[in-house]
Amino acid sequence: MDKKFFDHVRQHLFGGRLTEAQVSGIQRLVTAANFYGMSDYRQVAYLLATVFLETDRRMQPIEEYASGTAYEGRKDLGNTVKGDGVRFKGRGDVQITGRRNYTLFSKILGVDLVNNPALALEPTNSANIAVIGMMQGRFTGKKLSDYIICGQEPDYKNARRIINGMDGAALIASYAKHFATAFGH
């Protein structure tokens with residue numbers, strides 16, 4: 001990423017102003033994407049677009065604004081113990097939720113997110129969760145390569161299915177196009 005990349009996203013996505021934290025967040029996510037072999041710039045653009053929305057444009061891991069009580073008793077999230085909804089509410093770059101996801105990523109990362117859910121907010125853990133989850137289909141069973149395939153037109157809108165159904169799909173698709181353009185393609 002060069003000056004042209006940051007100039008483009010500053011103008012088209014960040015309202016003319018990028019903070020140091022936003023720049024370092026973008027760099028952190030791209031580094032994690034490269035580390036795990038995400039080589040298609042359009043997939044990286046989609047990753048950045050998703051984090052842009054999920055972190056309220058901060059590009060840094062955040063804790064969900066809501067209390068998490070809406071997740072209480074949600075067996076699909078693995079929330080089977082009283083208090084799991086609040087304990088395992090959304091955190092990180094992509095807002096992982098539920099005992100099931102915290103347990104899964106504890107095993108994958110070798111970090112005890114179950115007994116210390118706040119570790120999902122640690123920037124490296126958060127970036128790794130986002131990249132691994134999106135690449136391997138760990139959130140919904142759908143993965144980035146189902147929608148963004150080398151040599152084919154990317155399906156940025158339906159790629160939302162890898163995270164959260166179609167909530168915000170069109171908006172994220174528009175962000176992904178800007179990030180992809182910023183990469184110079």
Side-chain angles (χ1 to χ4, degrees), residues 21-22 24-40 43-148 158-169 172 175-176:
Q22 289 165 325
S24 70
I26 291 168
Q27 292 170 330
R28 171 181 53 83
L29 289 156
V30 171
T31 297
N34 289 333
F35 179 81
Y36 287 104
M38 189 184 288
S39 58
D40 188 324
Q43 289 183 354
V44 179
Y46 191 81
L47 165 72
L48 294 174
T50 299
V51 173
F52 183 74
L53 178 85
E54 296 282 347
T55 65
D56 202 11
R57 300 175 182 235
R58 290 182 177 100
M59 303 308 286
Q60 292 292 327
I62 65 170
E63 187 169 290
E64 182 175 7
Y65 298 139
S67 69
T69 57
Y71 304 127
E72 196 62 37
R74 293 260 315 262
K75 289 184 182 9
D76 61 319
L77 296 174
N79 290 343
T80 57
V81 177
K82 185 174 172 71
D84 278 356
V86 173
R87 179 175 179 84
F88 300 111
K89 71 180 195 169
R91 289 183 184 86
D93 288 317
V94 293
Q95 304 293 302
I96 64 165
T97 55
R99 180 180 286 274
R100 182 183 66 81
N101 279 321
Y102 280 80
T103 301
L104 172 69
F105 284 102
S106 287
K107 291 176 185 170
I108 291 171
L109 300 178
V111 174
D112 190 358
L113 301 171
V114 175
N115 288 311
N116 191 353
L119 288 174
L121 293 168
E122 192 279 321
T124 300
N125 291 339
S126 186
N128 292 340
I129 290 167
V131 172
I132 292 167
M134 293 173 92
M135 286 182 71
Q136 296 179 5
R138 299 294 185 146
F139 302 123
T140 66
K142 302 286 186 186
K143 54 188 182 252
L144 267 175
S145 61
D146 293 337
Y147 303 99
I148 304 170
N158 282 301
R160 182 65 174 155
R161 296 177 193 282
I162 65 175
I163 300 284
N164 192 10
M166 294 299 285
D167 178 47
I172 294 171
Y175 299 155

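Here the structure is a predicted model, which means the values were calculated and not measured.
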Would you check if [X] and [Y] make a side-chain contact, meaning some heavy-atom pair closer than 4.5 Å?
X    : Y    : answer
N164 : Q95  : no
E72  : N79  : no
N158 : M166 : yes
E64  : T97  : yes
R28  : M59  : no
L48  : V30  : yes
L113 : I129 : yes
R138 : I108 : yes

#### Entry: For Y147, ring pair (Phe, Tyr, Trp, His ring centres under 6.0 Å) partners two or more places apart
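Ring pair (Phe, Tyr, Trp, His ring centres under 6.0 Å) check on Y147 returns nothing, list empty.
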#### Entry: Stepwise side-chain contact (heavy atoms from CB on, under 4.5 Å) check, Q43 with S145
CA-CA 8 Å; Q43 289 183 354; S145 61; 4.1 Å; yes
### Query
What residue among N125, L121, N101 forms side-chain contact (heavy atoms from CB on, under 4.5 Å) with R91?
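Running side-chain contact (heavy atoms from CB on, under 4.5 Å) over N125, L121, N101 with R91 returns exactly one hit, L121.
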### Query
Of V94, L104, I132, which is the lone residue that meets side-chain contact (heavy atoms from CB on, under 4.5 Å) with F139?
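One option only clears the test, and that one is V94.
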Using every non-hydrogen atom in the two residues, find where [X] and [Y] come nearest and quote the distance to one decimal.
X    : Y    : answer
T80  : D84  : N-OD2, 3.1 Å
L119 : V111 : CD1-CG1, 3.6 Å
A120 : S126 : O-CB, 3.3 Å
A176 : A49  : N-CB, 3.3 Å
A159 : Y46  : C-OH, 3.4 Å
R160 : T50  : NH1-CG2, 3.9 Å

### Query
To the nearest 0.5 Å, how far apart are OG1 in T124 and CZ in F35?
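Interatomic distance, T124 OG1 to F35 CZ, rounded to 0.5 Å: 11.0 Å.
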### Query
What's the spacing between I162 CD1 and Q136 CD if we round to 0.5 Å?
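Taking CD1 in I162 and CD in Q136, the distance rounds to 12.0 Å.
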### Query
Quick one: does T55's side chain have a donor or acceptor within less than 3.5 Å of a partner on D93's backbone?
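The answer is no, because no donor-acceptor pair under 3.5 Å joins these two groups.
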### Query
Do side-chain atoms of Q22 reach the backbone of R57 as a donor and acceptor pair under 3.5 angstrom?
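The answer is yes, because a donor-acceptor pair under 3.5 Å joins these two groups.
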### Task
Could you check whether the rings of Y102 and F88 sit parallel, tilted or perpendicular, using 30° and 60° as the cut-offs?
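Tilted, since the angle between the ring planes falls between 30° and 60°.
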